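Bear in mind that the values here come from a model prediction, so they are computed numbers and not experimental data.
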Amino acid sequence: MKKRKTKRKWADFGSNIRFHERMLLIYIIGGIIPFVFAINYSNQRSSDALLAQNKKAQAEEISLICSSIKESMQVAEDVAEQIYTDEKVKAIASKVSRKGYKKAETFEEDCQELHFIDKYEEYYQQEISSIKIYVKNKTIVSNKYFSYVGGNVEKLNWYLPTYYRNGNTFWSYNYDDTESKKVLQLTRLLKDKNGAEIGVLAIQLQTKNTTERVLRRSDDTVLIYGENNVLATNFQIEKEQEYIFNKLSKYEKKKGTKTIPYGIKEYLVSYERIYSEQEDKYFTVIGVLDYQELRATIYQTGFVTVLIVGIGLLISVVLIFFFSVKYGNRIKKLRTQMHFVATGQYDMLEPIEGSDEVAQIYQEVERMAADIQSLTTKVVDEKVQKEKLHTKQKEVEFKMLASQINPHFLYNTLETIRMKAKINKEPEIEELVKMLAKIMRRNMQVGNQMVTLKSEIELIENYFVIQNYRFGDRIHTEVTIDENVNMNGMVIPLIMQPFAENAFIHGLESKDSDGILAVHIMQTENIVTIEIADNGVGMSYYKLGNIRRNLREGKSVDKTHIGISNVNQRIRILYGEEYGVSIVSKEGQGTCVTIRFPLEEEGDV
């Protein structure tokens, strides 16, 4: 027993929630909760992506700086190679080293042939600051090409290693007295064709080109030569940075990105090294980021995003609550008005203002109430006049029979509308209500006037639309019209709807699936034949015989088939005994109703 009560409680849970509560619950379960998980996951992925992007961007910028330095070094090596192999340079330098010039004028004249060196300096001014050849001849007059190597020059840290490399390139970082600053320099020993030493070629790099890229960076960046010679930096180097630089010297890779802890802090370090021909001489470009500060910035961005989205969600919750409560109250008021109509309390109706679906439904309900009142008045008047005017007895009977509303159909349709309005706010509800209103007005406004066949077809189609909403895929309906049928011809009203209603109620309602109800309209000359066939439960031979006998004798079939008798009597009274309704049915296979009558032109009515 306890289990049954629990199951029943959960089964009734969804049907006991009010409209605005249901909307909020759907929004929270289907919107907010998944969104919170999604935004949390998205923030985490975004943080990782931004961190990876920062690492990649820093590594790429470091690589660009290294590429610039490599390019400058390569230019210097190419120029050194050109000068080293030039015969004019060797000839003049050899003559100078052997003290072959007695006059300064002769020396200057020969130097005129070295103007191509000026071209190198001019063309590569972004990479090279100066080109000089050092010789040991102290009698030589120093000019822009040659200089005496004696004195302090021989003591510099680059001179002896250049000799030991025997003509190979040597890179060094030293202080230049003429420039009054430290410079990066390429040196190479010059030899004549016999292998004798004739001088040292020195090419100094333009420091501005290599350091500007470092200084322009917004992140902390430093350019180091060797292990501790700082060439350029855009920040004040503290103990933490010195520790990081020493830590990097242990790594042998040319480039990389690492996190290096220092105390309670952690730094994201990107570096790349540039090696020359000497393995012990290299440059290192290092970029340093405070890892905690970077993550804090990323998290702050994510927090701002979450805050903005949260405010939006809060506003949407308030708006949904406001509109759902307001709409729920309107539905409640509509239900009250429909109750007044159902109980006949027409004077209690209160208008529902607006232009939304609820207001449109109320307008239809109001029209229905007016039609019911009008119909009730007519029925009462006709009953009073029944004894006074016997000749109009059939007309009154026709009105009463034609205007009766099948409670089964009405209440099932209203129940469908109520449930759809309560559970889902769907666009099809407007169509459902409109179809119902059309049928109700038509049923209650019909008198003895003739209508067009087209309007009758529209009525049955509207009726099928409503029943399709009710039965869904259980029952399939279709209306087929031959091409030669005159749609503007005049017929008596409500000629098909009672038979379709009987087919649903008595033939198809009990089928679980694959129900079919087909209407076929044909015309031969001016005679219209309408077949209404279903594959429902059918009728027994005895019941079918009883219905046929009553139709033939003009009697009412029974209380449940009053519409069939009504249509048959009206056709036979109006057009003659040869027209009317015939029925074919077989138990378990279905029923086919055939209606025959002559079609009248509009002007003949």
Side-chain angles (χ1 to χ4, degrees), residues 72-207 276-278 281:
S72 298
M73 292 177 68
Q74 187 62 49
V75 168
E77 290 179 356
D78 292 343
V79 171
E81 180 67 22
Q82 294 295 325
I83 296 175
Y84 180 82
T85 57
D86 191 274
E87 295 299 329
K88 291 180 182 179
V89 173
K90 289 182 178 181
I92 297 173
S94 178
K95 193 174 181 180
V96 169
S97 65
R98 294 195 307 269
K99 301 180 181 180
Y101 288 103
K102 305 300 181 182
K103 295 181 180 180
E105 292 81 0
T106 306
F107 173 66
E108 292 296 335
E109 288 177 1
D110 285 353
C111 285
Q112 297 295 322
E113 298 183 12
L114 301 180
H115 281 173
F116 68 91
I117 295 178
D118 298 334
K119 296 292 184 181
Y120 286 140
E121 289 184 347
E122 179 183 356
Y123 186 75
Y124 298 111
Q125 59 181 335
Q126 296 293 327
E127 290 83 12
I128 297 174
S129 62
S130 70
I131 302 174
K132 183 76 73 174
I133 300 174
Y134 291 94
V135 294
K136 292 185 177 182
N137 185 356
K138 65 172 64 175
T139 62
I140 196 68
V141 178
S142 296
N143 61 11
K144 60 182 177 180
Y145 304 117
F146 292 91
S147 182
Y148 175 51
V149 78
N152 295 329
V153 176
E154 290 182 336
K155 298 178 182 179
L156 294 176
N157 61 354
W158 57 268
Y159 190 77
L160 288 178
T162 303
Y163 264 84
Y164 293 150
R165 291 187 67 79
N166 197 27
N168 292 322
T169 300
F170 179 77
W171 284 97
S172 61
Y173 179 65
N174 58 282
Y175 189 83
D176 187 359
D177 291 330
T178 59
E179 295 288 337
S180 298
K181 63 180 179 180
K182 288 186 176 182
V183 294
L184 185 63
Q185 179 177 263
L186 177 150
T187 54
R188 194 169 182 180
L189 182 65
L190 295 177
K191 297 181 179 182
D192 61 13
K193 61 184 178 180
N194 297 320
E197 300 168 358
I198 57 177
V200 176
L201 172 65
I203 301 177
Q204 292 183 352
L205 291 188
Q206 184 67 261
T207 58
S276 61
E277 292 183 3
Q278 309 121 263
K281 301 297 180 182

Chemist: Within this structure, what is the CH2-CD distance for the pair Trp171 and Glu77, rounded to the nearest 0.5 Å?
Modeler: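 Taking CH2 in Trp171 and CD in Glu77, the distance rounds to 5.5 Å.
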Chemist: Sort out for me which residue in His115, Glu108, Glu109 forms a side-chain hydrogen bond (donor to acceptor under 3.5 Å, both in side chains) with Gln112.
Modeler: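 The residue from His115, Glu108, Glu109 that satisfies side-chain hydrogen bond (donor to acceptor under 3.5 Å, both in side chains) with Gln112 turns out to be His115.
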Chemist: What's the shortest heavy-atom distance between Glu127 and Ser72, and which atoms?
Modeler: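 That would be CG-OG, 3.6 Å.
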Chemist: Hey, what do you get for CZ (Arg165) to CG (Leu189), rounding to the nearest 0.5 Å?
Modeler: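 It is 11.5 Å, given to the nearest 0.5 Å.
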Chemist: Going by the rule side-chain hydrogen bond (donor to acceptor under 3.5 Å, both in side chains), which residues pair with Ser94 if we only count those two or more places apart in sequence or in a different chain?
Modeler: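 With sequence neighbours excluded, Ser94 shows a side-chain hydrogen bond (donor to acceptor under 3.5 Å, both in side chains) to Arg98, given in chain and number order.
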Chemist: Got a sec, which residues hit side chain to side chain contact (heavy atoms under 4.5 Å, CB included) with Lys103, two or more places apart in sequence or on another chain?
Modeler: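 For Lys103, the residues satisfying side chain to side chain contact (heavy atoms under 4.5 Å, CB included) (neighbours in sequence not counted) are Glu105, Thr106.
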Chemist: Who pairs with Glu81 by side chain to side chain contact (heavy atoms under 4.5 Å, CB included), at least two apart in sequence or on another chain?
Modeler: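 Residues passing side chain to side chain contact (heavy atoms under 4.5 Å, CB included) with Glu81: Thr85, Arg188.
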Chemist: Check side chain to side chain contact (heavy atoms under 4.5 Å, CB included) between Ala202 and all other residues, then give those that pass, not counting sequence neighbours.
Modeler: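 Ala202: side chain to side chain contact (heavy atoms under 4.5 Å, CB included) contacts with Tyr134, Gln185, Thr187.
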Chemist: Residues in side chain to side chain contact (heavy atoms under 4.5 Å, CB included) with Asp78, at least two apart?
Modeler: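 Counting only residues at least two positions away or on another chain, Asp78 forms a side chain to side chain contact (heavy atoms under 4.5 Å, CB included) with Gln74.
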Chemist: Looking at Cys111 and Tyr145, what are the two nearest heavy atoms and their distance?
Modeler: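 Scanning both residues completely, I find the closest heavy atoms to be O-CE1, 3.6 Å.
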Chemist: Considering non-hydrogen atoms only, spot the tightest contact between Ile83 and Val89 and give its length.
Modeler: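 Ile83 and Val89 have their closest heavy atoms at O-CB, 3.9 Å.
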Chemist: Who are the ring pair (Phe, Tyr, Trp, His ring centres under 6.0 Å) partners of Tyr163, not counting sequence neighbours?
Modeler: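 Only Tyr159 meet the ring pair (Phe, Tyr, Trp, His ring centres under 6.0 Å) criterion with Tyr163.
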Chemist: Going by the rule salt bridge (charged side-chain N to carboxylate O under 4.0 Å, His left out), which residues pair with Lys88 if we only count those two or more places apart in sequence or in a different chain?
Modeler: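 Salt bridge (charged side-chain N to carboxylate O under 4.0 Å, His left out) list for Lys88, sorted by chain: empty.
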Chemist: Who passes side-chain hydrogen bond (donor to acceptor under 3.5 Å, both in side chains) against Tyr120, sequence neighbours left out?
Modeler: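 Result, side-chain hydrogen bond (donor to acceptor under 3.5 Å, both in side chains) vs Tyr120: none returned.
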Chemist: Please confirm whether Lys119 makes a cation-pi placement over Tyr124, using NZ or CZ under 6.0 Å from the six-membered ring centre and within 45° of the ring normal.
Modeler: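 No, Lys119 does not lie over the aromatic ring of Tyr124.
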Chemist: Taking all heavy atoms of Lys136 and all of Tyr148, pick out the closest pair and write down the distance.
Modeler: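 For Lys136 and Tyr148, the tightest heavy-atom pair comes out as O-CE1, 3.3 Å.
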Chemist: Identify the two heavy atoms, one from Ser129 and one from Leu205, that lie closest to each other, and give their separation to 0.1 Å.
Modeler: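 Shortest heavy-atom contact: OG-O, 3.5 Å.
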Chemist: Suppose we screen for side-chain hydrogen bond (donor to acceptor under 3.5 Å, both in side chains). Which residues come up paired with Asp86, at least two apart in sequence or across chains?
Modeler: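 Checked Asp86 against side-chain hydrogen bond (donor to acceptor under 3.5 Å, both in side chains); zero matches.
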Chemist: Can you give me every donor-acceptor pair (side chain of residues 192-201, partner residue at least two apart or in another chain, under 3.5 Å) with its distance?
Modeler:
from	atom 1	to	atom 2	distance (Å)
Asp192	OD1	Asn194	N	3.0
Asp192	OD1	Gly195	N	2.9
Asp192	OD1	Ala196	N	2.7

Chemist: Quick one: side-chain hydrogen bond (donor to acceptor under 3.5 Å, both in side chains) partners of Lys191, sequence neighbours excluded?
Modeler: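 Expected list: Asn166.
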